Amino acid sequence: MSELVIADLHATVGDKAILNGVSLTIRSGEVHAVMGPNGSGKSTLSHVITGKPGYTVTGGSVTLDGVELLELAAWERAKAGLFLAMQYPTEVPGVSLEAMLTASAVAAGRDADVIKASIAAESERIGFATELITRPLNVDLSGGEKKRNETVQLGVLDPKFAILDEIDSGLDVDAMKAVTRRVEEATNRDNPLGVLAITHYKRLFEELEPDHVHVFAAGVIQKSGGRELADELEETGYAEWAHLVDNSGPTAFDNPFGDTTFADGLNLHEG
Ligand code: ADP
Ligand code: MG
């Protein structure tokens with residue numbers, strides 16, 4: 001049993017405070033959903049936990065089984081068992097999924113042939129086209145293919161904790177089922193995966209069963225509950241927290257599609 005403990009986490013970008021005291025504990029096998037308006041700092045939270053450069057941590061801690069992650073480089077955090085499925089997966093010209101996964105697995109002391117077999121099995125399992133395994137990572141992939149690609153990585157790397165940042169964006173119904181079913185299976189295995197799933201849509205929970213749902217706004221968790229909170233949010237949106245949101249930013253509460261409570265302009269532009 002492992003534990004990822006986020007305690008009173010504060011972070012800034014430039015001179016702007018984005019995370020204002022986030023506290024959340026995730027145990028093996030648990031699925032925590034984080035839902036909140038655009039620009040509230042959800043992706044920043046995922047980036048700060050996983051060690052993406054460009055953020056300044058101004059307080060708090062993130063520990064995995066007692067080890068302080070904030071003092072580690074991003075690759076060391078990955079080695080400690082942390083995985084991030086990015087909202088916008090990075091294109092890496094010249095490096096294939098196979099090369100990237102083999103290198104990281106060998107670095108972790110695993111066998112290259114076993115990894116190749118695992119990549120093939122995981123790809124088959126979620127319907128990721130095998131010819132994409134050896135093509136440059138994410139280059140010219142559709143939104144759905146990129147998210148399946150992230151899920152293959154998750155399956156092969158077999159982390160203790162996964163942060164999924166809008167893994168449902170740009171997915172059609174079939175891809176959504178395949179991806180969320182794979183993650184749900186990982187939460188039920190012998191060494192079960194713990195999940196922090198950032199999403200706007202409760203359709204993510206058709207296959208992936210959330211144990212806890214959190215409303216995130218203005219850089220902190222405002223409210224926590226069970227699955228019923230996601231139903232409530234789909235009815236009411238985030239109006240209750242709207243007064244906390246800084247509307248000066250480019251993404252805050254932007255809704256070019258009018259009345260759709262959960263419309264996320266960025267999602268809707270993805271293919
Ligand atoms: P969310 O994922 O909830 O939509 P983000 O974490 O992406 O929110 O962004 C939170 C706020 O931080 C936004 O106002 C965004 O513009 C700002 N922000 C995030 N990353 C950067 C950055 N690298 N440079 C400048 N501003 C940033
Ligand atoms: Mg985001």
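Atoms within a ligand are numbered from 1 in the order they appear, just like the ligands themselves. Worth knowing before you read on, the calculation uses all heavy atoms, side chains too, and leaves out hydrogens, waters and symmetry mates. All of these numbers come straight from a predicted model, not from anything done at the bench.
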Contacts satisfying side-chain hydrogen bond (donor to acceptor under 3.5 Å, both in side chains) that involve residues 73-82 (not counting sequence neighbours) are none

Q) Considering distance alone, does some N or O of Lys42 sit under 3.5 Å from an N or O of ligand 1? A) yes

- request: Report yes if some N/O of Ile18 lies less than 3.5 Å from some N/O of ligand 1; otherwise report no.
  value: no

Test side-chain contact (heavy atoms from CB on, under 4.5 Å), reference Leu193, set Leu154, Asp158, Val31, output is Leu154

Only residue of Leu196, Val34, Leu84 satisfying side-chain contact (heavy atoms from CB on, under 4.5 Å) with Ser46 is Leu84

The option among Thr44, Val13, Asn38, Ile198 carrying the non-hydrogen atom nearest to atom 27 (C) of ligand 1 is Val13

Check: of Gly39, Ala11, Ser46, Ala17, min heavy-atom distance to atom 1 (P) of ligand 1 comes from Gly39

Residues 31-55 vs salt bridge (charged side-chain N to carboxylate O under 4.0 Å, His left out), sequence neighbours excluded, gives none

A student checking ligand 1 against Ser43 at a 4.0 Å heavy-atom cut-off should list atoms 1 (P), 2 (O), 6 (O), 7 (O)

Pair Glu122 + Arg125: basic N to acidic O under 4.0 Å: yes

Scanning both residues in full, the closest heavy-atom pair of Gly51 with Ala74 reads O-CB, 3.8 Å

What one should report as the nearest heavy-atom pair of Ala33 and Pro210 is CB-CB, 4.4 Å

Under a 4.5 Å cut-off applied to non-hydrogen side-chain atoms, are Ser169 and Lys147 in contact? yes

| said: Under a 3.5 Å cutoff, is there a donor and acceptor pairing between the side chains of Gln153 and Asn149? | reply: yes

To the nearest 0.5 Å, atom CD1 of Ile26 lies from atom CD1 of Ile49 at 6.5 Å

Under a heavy-atom criterion of less than 4.0 Å, does [X] contact ligand 1?
{"X": "Pro37", "answer": "yes"}
{"X": "Gly54", "answer": "no"}
{"X": "Tyr55", "answer": "yes"}
{"X": "Ser40", "answer": "yes"}
{"X": "Lys16", "answer": "yes"}

In short, ring-ring contact (aromatic ring centres under 6.0 Å, His included) pairs touching residues 32-52 with sequence neighbours left out are His32-His212, His32-His214, His47-Tyr55

Under 2.8 Å from the Mg ion (ligand 2), the protein N, O or S atoms found are Ser43 OG, Gln87 OE1

